[in-house]
There are 2 protein chains.
Amino acid sequence: MKGDSIEDGEVSKDAFPRKGVARGLSIMDFILRIIAAAATLGSALAMGTTNETLPFATQFVQFRAQFDDLPSLVFFVMGNAVVCGYLVLSLVISVFHIIRSKAVKSRILLVALDTIMLGLLTASASAATAIVYIAHNGNAGANWFAICQQYNSFCERISGSLIGSFVAVAMFIILIILSVVAISRN
Amino acid sequence: MKGDSIEDGEVSKDAFPRKGVARGLSIMDFILRIIAAAATLGSALAMGTTNETLPFATQFVQFRAQFDDLPSLVFFVMGNAVVCGYLVLSLVISVFHIIRSKAVKSRILLVALDTIMLGLLTASASAATAIVYIAHNGNAGANWFAICQQYNSFCERISGSLIGSFVAVAMFIILIILSVVAISRN
């Protein structure tokens with residue numbers, strides 16, 4: 001694009017909305033990242049602080065459920081924590097894109113990292129969901145018992161903490177599509 | 001870019017490698033899609049045909065394990081089948097990109113669909129992995145029994161069928177990055 005925009009009416013008509021759209025996309029990118037970071041942080045904290053001790057005990061055993069009894073739930077907390085950390089760091093690049101809306105290489109880098117983080121977050125959310133499903137419903141074929149029949153509040157808490165993670169997955173899909181649109185316009 | 005490339009040596013030097021790279025990216029896209037389709041098809045078939053009947057029985061029960069005893073494994077087969085179908089259909093657009101390497105809008109559409117399919121495939125692979133892990137190791141806290149101690153060949157088969165799915169996940173991540181690079185060059 002040439003610099004003679006004062007004389008040439010066509011350039012000014014075309015260039016400013018284009019730059020405005022690119023900046024708008026970058027601002028939306030920034031907001032979505034904050035929402036996704038909050039959602040993953042909430043999920044990690046909600047899951048990571050879950051435990052329940054039943055109000056009765058035998059002579060030898062006290063019945064107690066904690067999230068780290070189940071490896072998939074530990075993976076869930078770690079996955080959400082890593083993605084949350086990444087999202088906070090990526091805010092720096094997102095701000096850079098608001099200021100310099102023509103940057104392309106840093107956007108490509110961000111799409112690549114976002115895609116990998118989408119994979120990690122989906123994997124951790126989905127593995128935890130599979131285990132929460134078994135905890136609720138059990139499995140007759142494998143003779144796995146539905147532990148939610150005893151640990152009610154534990155199960156409610158681990159089910160609820162999945163929501164934030166799936167919200168963040170949806171945000172990531174939107175983020176990737178927004179970035180690709182922004183790259184195609186430069 | 002102007003059409004006077006016969007006279008202007010600089011245009012012909014620059015334009016042809018650029019077009020060559022775009023076509024190269026499109027051909028690589030096509031090959032990766034075929035590999036990913038084969039991997040997901042293999043995973044779906046391997047998981048979907050798994051069952052094992054133990055060589056002993058009581059008067060009332062015959063011990064038999066089948067993949068559809070576990071809902072996560074059913075989700076795995078369905079997820080892989082859907083993604084495989086999508087990949088085969090997407091080959092048409094991929095061929096179109098080899099012929100017309102300057103197309104941008106169809107590439108954006110393909111990235112958006114690829115991202116959603118990446119989410120679906122990762123979710124199904126990861127949910128199945130969480131269940132296969134429990135089948136192998138059981139869980140002392142929840143009193144879930146490691147069914148693999150009885151159903152050996154069943155467990156080997158369901159573990160093996162996960163591999164294709166994870167290979168396809170890696171292919172999808174590369175596909176998305178390749179598409180973004182191709183879009184940025186047009």
Side-chain angles (χ1 to χ4, degrees), chain A residues 64-66 68-73 75-76 79 104-105 107-116 118-135 137-147 151 166 169-170 172-177 179-181 183-186, chain B residues 64-66 68-73 75-76 79 104-105 107-116 118-135 137-147 151 166 169-170 172-177 179-181 183-186:
Chain A
R64 186 180 157 83
Q66 208 165 352
D68 59 6
D69 292 338
L70 294 158
S72 292
L73 304 188
F75 177 48
F76 179 83
V104 168
K105 277 185 188 164
R107 280 187 206 271
I108 295 176
L109 177 70
L110 212 55
V111 171
L113 293 175
D114 280 354
T115 308
I116 293 166
L118 169 65
L120 173 62
L121 189 64
T122 313
S124 67
S126 175
T129 308
I131 296 304
V132 168
Y133 181 85
I134 295 281
N137 298 80
N139 189 285
N143 228 343
W144 293 338
F145 184 64
I147 56 168
Y151 298 98
F166 281 107
V169 166
F172 262 113
I173 292 176
I174 300 171
L175 275 173
I176 291 171
I177 296 171
S179 292
V180 172
V181 171
I183 289 169
S184 76
R185 294 180 75 90
N186 281 328
Chain B
R64 186 180 157 82
Q66 207 166 351
D68 59 5
D69 293 337
L70 293 158
S72 293
L73 304 188
F75 177 47
F76 179 83
V104 168
K105 277 185 188 162
R107 281 187 204 269
I108 296 177
L109 177 70
L110 212 55
V111 171
L113 293 175
D114 279 354
T115 309
I116 294 166
L118 169 65
L120 174 62
L121 189 64
T122 314
S124 67
S126 172
T129 308
I131 297 304
V132 169
Y133 180 85
I134 295 282
N137 298 80
N139 188 285
N143 230 343
W144 291 337
F145 183 66
I147 55 169
Y151 297 98
F166 281 107
V169 166
F172 262 114
I173 292 177
I174 298 171
L175 275 174
I176 291 172
I177 296 172
S179 292
V180 172
V181 171
I183 289 170
S184 76
R185 294 180 74 91
N186 282 327

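Predicted model, so just to flag it, every value in this text is computed and none were measured. Note that these values count all heavy atoms, side chains included, but never hydrogens, waters or copies made by symmetry. Each chain gets a letter, A, B and so on, in the order the sequences are listed, and its residues count up from 1.
- Note that CH2 of B/Trp144 is 10.0 Å distant from CG of A/Asn139, once rounded to the nearest 0.5 Å.
- In terms of heavy-atom pairs under 4.5 Å with chain A, the best-connected choice from B/Ser124, B/Ala128, B/Ala135 is B/Ala135.
- Here B/Tyr133 pairs with A/Pro71, B/Asn137 under the side chain to side chain contact (heavy atoms under 4.5 Å, CB included) rule; sequence neighbours left out.
- Nearest approach of A/Val104 to B/Ser184, heavy atoms of both residues: CG1-CB, 3.9 Å.
- Considering CD1 of B/Ile177 and CD1 of A/Ile116, their distance stands at 5.5 Å, rounded to 0.5 Å.
- Both the backbone and the side chain of A/Leu70 come within less than 4.5 Å of a heavy atom in chain B.
- Qualifying side chain to side chain contact (heavy atoms under 4.5 Å, CB included) partners for B/Thr129, counting only residues two or more places apart in sequence or in other chains: B/Leu162, B/Phe166.
- B/Ile173 touches chain A through backbone and side chain together, each having a heavy atom under 4.5 Å away.
- By number of non-hydrogen pairs under 4.5 angstrom with chain A, the leading residue of B/Val181, B/Asp69, B/Val180 is B/Val180.
- Neither the backbone nor the side chain of B/Val169 comes within contact range of chain A; no heavy atom of the residue lies under 4.5 Å from a heavy atom of that chain.
- Residue contact with chain B, scored on non-hydrogen atoms closer than 4.5 Å, is absent for A/Ile174.
- Once rounded to the nearest 0.5 Å, the distance linking OG of A/Ser72 with CD1 of B/Ile131 reads 7.5 Å.
- Chain B forms more heavy-atom pairs under 4.5 Å with one residue of A/Ile134, A/Ile176, A/Asn143 than with any other, namely A/Ile134.
- Atom CD1 of A/Ile183 and atom CZ of B/Arg107 lie 13.0 Å apart (nearest 0.5 Å).
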